[in-house]
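One structure below.
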Amino acid sequence: GSAPPSGRGQGVMAEGAAEEPRDFADVAADIPDEDDFVYDDSMRDKDVIALSKLMADTNFLDRCTQSIGAPNMSALKSNHDALAKTDVGRVVEAVVTTMEAPYLRPEAILQKAEDDNSGGAPCWSLMNLLKYAAAEAQKNERSGSGDGSSS
């Protein structure tokens, strides 16, 4: 007795299911993309200020030297120096949006840095941000565009 009803039930389910499910692309298209945030002047300004605070915080920089080592710290500082003649906010924006990495925003790194329990994580983030930012600045210098320093 139970085989035919269950067979019919499965048939109905399968029939309905064939129309109902949406493929992943449809579902994904409906999900708001948080990585697609748009930078504005306020965000760029906050990142510039946060980066300045990070690079001026000797306790944080000492912690980073312990965490990432002196050679990485030296690279971090020279990469930061490479940004001196650039529009830092725009360079940071390019890195964060290209890498789809909002956690690399100086403002996010600063928040982590202020948490003593974050260990070396903000140091590694800052090191990577500045590595990518220096490369971005160099790319802009070669192409003669994109850093906004002429304005």
Side-chain angles (χ1 to χ4, degrees), residues 10 13-151:
Q10 284 172 344
M13 290 290 276
E15 212 174 276
E19 295 173 277
E20 289 299 319
R22 303 164 57 209
D23 67 18
F24 182 74
D26 291 338
V27 175
D30 289 342
I31 299 171
D33 191 354
E34 292 179 37
D35 291 333
D36 254 4
F37 62 92
V38 177
Y39 259 80
D40 58 25
D41 288 338
S42 167
M43 288 170 75
R44 282 185 283 273
D45 291 345
K46 286 177 183 174
D47 279 344
V48 170
I49 291 164
L51 183 58
S52 295
K53 283 183 183 173
L54 286 164
M55 296 306 293
D57 183 343
T58 52
N59 290 336
F60 172 68
L61 296 177
D62 289 346
R63 189 169 102 197
C64 286
T65 302
Q66 295 298 313
S67 193
I68 66 177
N72 282 330
M73 200 60 202
S74 176
L76 181 153
K77 287 178 177 174
S78 64
N79 286 335
H80 180 252
D81 292 344
L83 301 180
K85 296 185 180 99
T86 66
D87 180 337
V88 174
R90 295 251 178 226
V91 171
V92 167
E93 174 185 6
V95 170
V96 170
T97 54
T98 301
M99 307 287 295
E100 294 186 352
Y103 55 87
L104 287 182
R105 286 190 61 208
E107 194 177 37
I109 296 170
L110 179 61
Q111 286 172 357
K112 275 197 213 118
E114 289 170 345
D115 174 9
D116 287 333
N117 298 324
S118 65
C123 302
W124 289 103
S125 295
L126 182 62
M127 183 189 80
N128 285 318
L129 166 69
L130 291 174
K131 178 176 68 179
Y132 299 130
E136 181 69 25
Q138 195 175 34
K139 190 173 75 177
N140 290 343
E141 209 172 272
R142 280 199 304 270
S143 69
S145 68
D147 70 354
S149 63
S150 58
S151 57

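Just so it is clear, the model here is predicted, and its values are computed rather than measured.
Residues L54 and I109 have side chains in contact (heavy-atom distance under 4.5 Å, counting atoms from C-beta outward). Between D115 and Q111, every side-chain heavy-atom pair lies at or beyond the 4.5 Å cut-off. Residues M55 and L76 have side chains in contact (heavy-atom distance under 4.5 Å, counting atoms from C-beta outward). You'll find the side chain of Y39 reaches within 4.5 Å of the side chain of V96, heavy atoms only.
For S42, the side-chain contact (heavy atoms from CB on, under 4.5 Å) partners two or more places apart in sequence, or in a different chain, are D40, K46. With sequence neighbours excluded, the residues that form a salt bridge (charged side-chain N to carboxylate O under 4.0 Å, His left out) with E93 are R44, R90. Partners of N72 according to the side-chain contact (heavy atoms from CB on, under 4.5 Å) rule, which considers only residues two or more places apart in sequence or in another chain, are I68, W124, M127. Qualifying side-chain contact (heavy atoms from CB on, under 4.5 Å) partners for D57, counting only residues two or more places apart in sequence or in other chains: N59, F60. For the side-chain contact (heavy atoms from CB on, under 4.5 Å) test, residues two or more places apart in sequence or in another chain that qualify with A94 are E136.
The backbone N or O of A70 sits nowhere less than 3.5 Å from a side-chain atom of S74 that would complete a donor-acceptor pair. In terms of modelled atom types and a separation under 3.5 Å, the side chain of S118 and the main chain of K112 share a donor-acceptor contact.
Expressed to the nearest 0.5 Å, how far CG of D47 lies from CD1 of I49 amounts to 9.5 Å. Atom-to-atom distance recorded for L126:CG and M73:CE is 7.0 Å, nearest 0.5 angstrom.
The disulfide bond (SG atoms under 2.5 Å apart) pairs that include a residue from residues 62-134 are C64-C123, where partners are two or more places apart or lie in different chains. Listed by first and then second residue, the salt bridge (Lys or Arg N to Asp or Glu O under 4.0 Å) pairs that reach into residues 63-72 are R63-D116, sequence neighbours excluded.
When all heavy atoms are compared, the tightest approach of V88 to L83 is CG2-O, 3.7 Å. Looking at every heavy atom in both residues, G120 comes nearest to S67 through CA-OG, 2.9 Å. Closest approach of V92 to P106, counting heavy atoms only: CG1-CD, 3.4 Å.
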